[in-house]
Colleague: 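This is the structure I want to talk about, given as structure tokens.
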Number of protein chains: 2
Amino acid sequence: MSEHSPLLPVPRSAELLATDAHPLVRRGRPALVDPATLAACALDLFVEKGYAATRLEDVALAAGVSKGTLYLYFDSKAALFAAVVRQGLVPALAGGEALVDSHRGSGADLMRELLWGWWRLIGATRLGGLPKLMVAEARNFPDIAELYHREVMARGCALIGRAIDYGHARGEFCVAGDPCTVQAVMAPLLLRVLMKHSFGCVDHAAPEDDPSAAAQAESTDIAAAIEFVIRALEHD
Amino acid sequence: MSEHSPLLPVPRSAELLATDAHPLVRRGRPALVDPATLAACALDLFVEKGYAATRLEDVALAAGVSKGTLYLYFDSKAALFAAVVRQGLVPALAGGEALVDSHRGSGADLMRELLWGWWRLIGATRLGGLPKLMVAEARNFPDIAELYHREVMARGCALIGRAIDYGHARGEFCVAGDPCTVQAVMAPLLLRVLMKHSFGCVDHAAPEDDPSAAAQAESTDIAAAIEFVIRALEHD
DNA sequence: GCTTTTAATGACTGAATGTTCAGTTAATAA
DNA sequence: TTATTAACTGAACATTCAGTCATTAAAAGC
């Protein structure tokens with residue numbers, strides 16, 4: 001049996017794992033690429049075309065390496081996909097957790113900051129393609145779905161749940177942060193980002209050709225969606 | 001150029017299109033299957049495994065025919081997919097439209113009936129797999145995405161929008177039925193059905209092994225989600 | 001029976017693509 | 001210089017599967 005999960009990156013030589021302070025002398029040809037770059041290129045293509053329709057040859061081409069090189073860093077296409085998910089979303093959660101810990105104002109303001117932060121960091125960036133990718137492929141990759149569920153969804157839900165509980169404890173919100181409420185709170189933004197990356201449309205009457213006007217309309221929509229869920233939390 | 005779109009079912013002999021009142025005499029071997037059955041079997045597999053991972057041979061096997069037979073009724077895999085979408089969801093919309101036309105009570109009650117109806121007819125059945133399928137495959141099949149957007153999403157949004165406007169006109173809802181609000185209203189139920197058909201979980205603490213308890217917990221969650229959006233609509 | 005017509009089959013094909021690996025390149029160590 | 005090691009390459013391989021088609025089956029008309 002292999003020493004590492006088939007979904008984890010292939011370990012490179014020990015030198016690459018050494019600290020920068022003591023870069024052990026290396027022999028052989030220096031690496032031209034690093035796994036993070038490959039995963040970043042793969043993210044773009046996975047998000048744009050979906051998992052099945054993304055050819056490893058295109059990922060390699062985008063990263064400026066050959067197809068064979070991919071297999072030096074990732075055991076398989078699925079392992080590359082796992083790396084994309086892990087590298088893309090897990091780091092984005094820390095910021096939100098710090099925000100909830102340090103907040104002192106109203107629950108509504110905390111919720112606004114959290115949801116706007118999520119939108120800026122994930123919804124409005126290419127990372128927004130990952131939720132759609134996971135919805136599309138979770139059934140085909142139970143291991144990766146489990147990773148996503150555990151490392152991303154569970155942590156994210158706990159985060160939002162704590163924010164709702166915060167407002168509830170202050171008497172501002174009429175419900176506690178149970179999973180069902182958390183899902184209802186995230187739903188409008190999540191659905192919007194899913195639509196954006198699948199149908200490519202967001203179904204409002206904004207002009208498609210003027211990018212600044214579209215961005216303006218998007219901000220208005222996000223604000224409306226956020227205020228919508230805050231109304232639901234605050235009622236009475 | 002062919003007389004029919006490649007995404008439409010292959011027309012059968014004229015006799016099959018004749019009314020039951022005047023079934024013209026037919027020659028040759030009678031058909032053992034009908035396209036609707038094939039599409040129904042394909043729905044199950046598409047929903048379960050996704051488009052790319054569903055092999056036409058398995059669809060044929062599930063329907064009790066051979067792979068070649070599929071091509072007597074559908075030009076291609078994409079055409080079969082289109083038929084699945086059209087046959088599955090377009091008919092389900094008429095009921096909701098009648099409901100909005102005939103309703104006379106409060107806006108909140110209309111919304112409850114609409115959302116519960118959607119859940120019973122789509123969310124809780126295998127048809128609930130279609131939204132996930134469309135989110136997953138829209139980019140790969142622009143034609144089918146356009147069909148879905150026009151025949152399903154646009155009509156559904158108009159429906160919900162009219163219901164919100166109804167409550168708004170009665171002074172019960174604080175917002176009108178613009179597309180952004182419609183999306184926020186549908187979001188919790190849609191997201192839940194997307195999760196159900198991708199991750200297979202709904203992230204609440206209910207026991208997975210007891211089906212009746214799970215159904216009970218699901219009803220409670222749906223009710224909570226519906227009351228959540230109604231609070232957001234009613235505020236003040 | 002025999003012919004005609006439609007339905008159905010399933011082995012086959014061809015294209016696409018994930019994966020492998022023998023060989024090449026570029027660096028360090030002796 | 002030469003040996004050694006690691007990174008990299010890309011053609012070849014193996015598999016999967018949508019789509020085809022020659023053949024067989026079953027009904028109706030004569």
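Reminder, nothing fancy here: chain letters follow the sequence lines and each chain counts from 1. Values reported hereafter were calculated over all heavy atoms of this structure, with side chains retained and with hydrogens, waters and symmetry mates removed.
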Colleague: Please list residues of residues 50-62 of chain B whose heavy atoms come under 4.0 Å from any atom in DNA chain D, ordered by number; otherwise none.
Modeller: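 Contacts with DNA chain D under 4.0 Å: Thr54(B), Arg55(B), Leu56(B).
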Colleague: Rounded to the nearest angstrom, tell me the gap between atom CZ in Phe141(A) and atom C1' in dG18(C).
Modeller: 12 Å
Colleague: Expressed in angstrom and rounded to an integer, what is the separation of Leu72(A) atom CG from dT5(D) atom P?
Modeller: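 Checked: the CG to P distance equals 18 Å.
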Colleague: Starting from C1' on dT9(C), measure out to CG on Leu70(B) and report it in whole angstrom.
Modeller: 12 Å
Colleague: At a heavy-atom distance below 4.0 Å, what parts of residues 38-47 of chain B sit against DNA chain D?
Modeller: none
Colleague: Which nucleotide sits closest to the side chain of Ser76(A): dT19(C), dA8(C), dG19(D)?
Modeller: dT19(C)
Colleague: Leu32(A) has an atom CG; how far is it from atom P of dC8(D), in whole Å?
Modeller: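 Nearest whole value for this atom pair: 5 Å.
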Colleague: Let me know which of Leu121(A), Val193(A), Val47(A), Ile122(A) forms a side chain to side chain contact (heavy atoms under 4.5 Å, CB included) with Leu127(A).
Modeller: Ile122(A)
Colleague: Salt bridge between Arg155(B) and Glu151(B), side-chain N to carboxylate O under 4.0 Å?
Modeller: no
Colleague: How about Phe81(B) and Phe74(B): are their ring centroids closer than 6.0 Å?
Modeller: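 Ring centroids of Phe81(B) and Phe74(B) are no less than 6.0 Å from each other.
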Colleague: Report the relative orientation of the aromatic rings in Tyr51(B) and Phe141(B); use parallel for angles under 30°, tilted for 30 to 60°, perpendicular for over 60°.
Modeller: perpendicular
Colleague: Hey, does the side chain of Tyr73(B) come within less than 4.0 Å of dA8(C)'s phosphate (OP1/OP2), counting only N and O?
Modeller: yes
Colleague: Show, in sequence, the C-alpha distance, side-chain angles and deciding distance for Leu130(A) and Val84(A), and conclude whether the side-chain contact (heavy atoms from CB on, under 4.5 Å) test is met.
Modeller: CA-CA 9 Å; Leu130(A) 280 180; Val84(A) 164; 4.0 Å; yes
Colleague: More than 12 foreign heavy atoms under 6.0 Å from CD of Gln216(A): is that the case here?
Modeller: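 No, not enclosed.
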Colleague: Is the shortest distance from a Lys or Arg side-chain nitrogen in Glu48(B) or Arg126(B) to a carboxylate oxygen in the other one below 4.0 Å?
Modeller: no
Colleague: For the pair made of NZ in Lys77(B) and P in dT16(D), what is the distance, rounded to whole Å?
Modeller: 15 Å
Colleague: Could you tell me whether Lys196(B) and Glu218(B) make a salt bridge, using a distance below 4.0 angstrom between a side-chain N and a carboxylate O?
Modeller: yes
Colleague: So, does Thr181(B) use its side chain to make a donor-acceptor pair with the main chain of Gly177(B) at under 3.5 Å?
Modeller: no
Colleague: Does Glu57(B), at its CD atom, have more than 12 non-hydrogen atoms belonging to other residues, nucleotides or ligands within less than 6.0 Å?
Modeller: no
Colleague: Should Thr69(B) be listed as having a side-chain N or O under 4.0 Å from OP1 or OP2 of dA8(C)?
Modeller: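 Thr69(B) to dA8(C) OP1/OP2: no side-chain N or O under 4.0 Å.
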Colleague: Look at the side chain of Thr54(B) and the backbone N and O of Leu45(B), then say whether any donor-acceptor pair between them is shorter than 3.5 Å.
Modeller: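 Yes: the side chain of Thr54(B) pairs with the backbone of Leu45(B).
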Colleague: Summarise how protein sits on nucleotides 20-30 of chain D as a single string, 5' to 3': B when a protein heavy atom is under 4.0 Å from the base, S for sugar-phosphate-only contact, - for no contact.
Modeller: B----BBBBS-
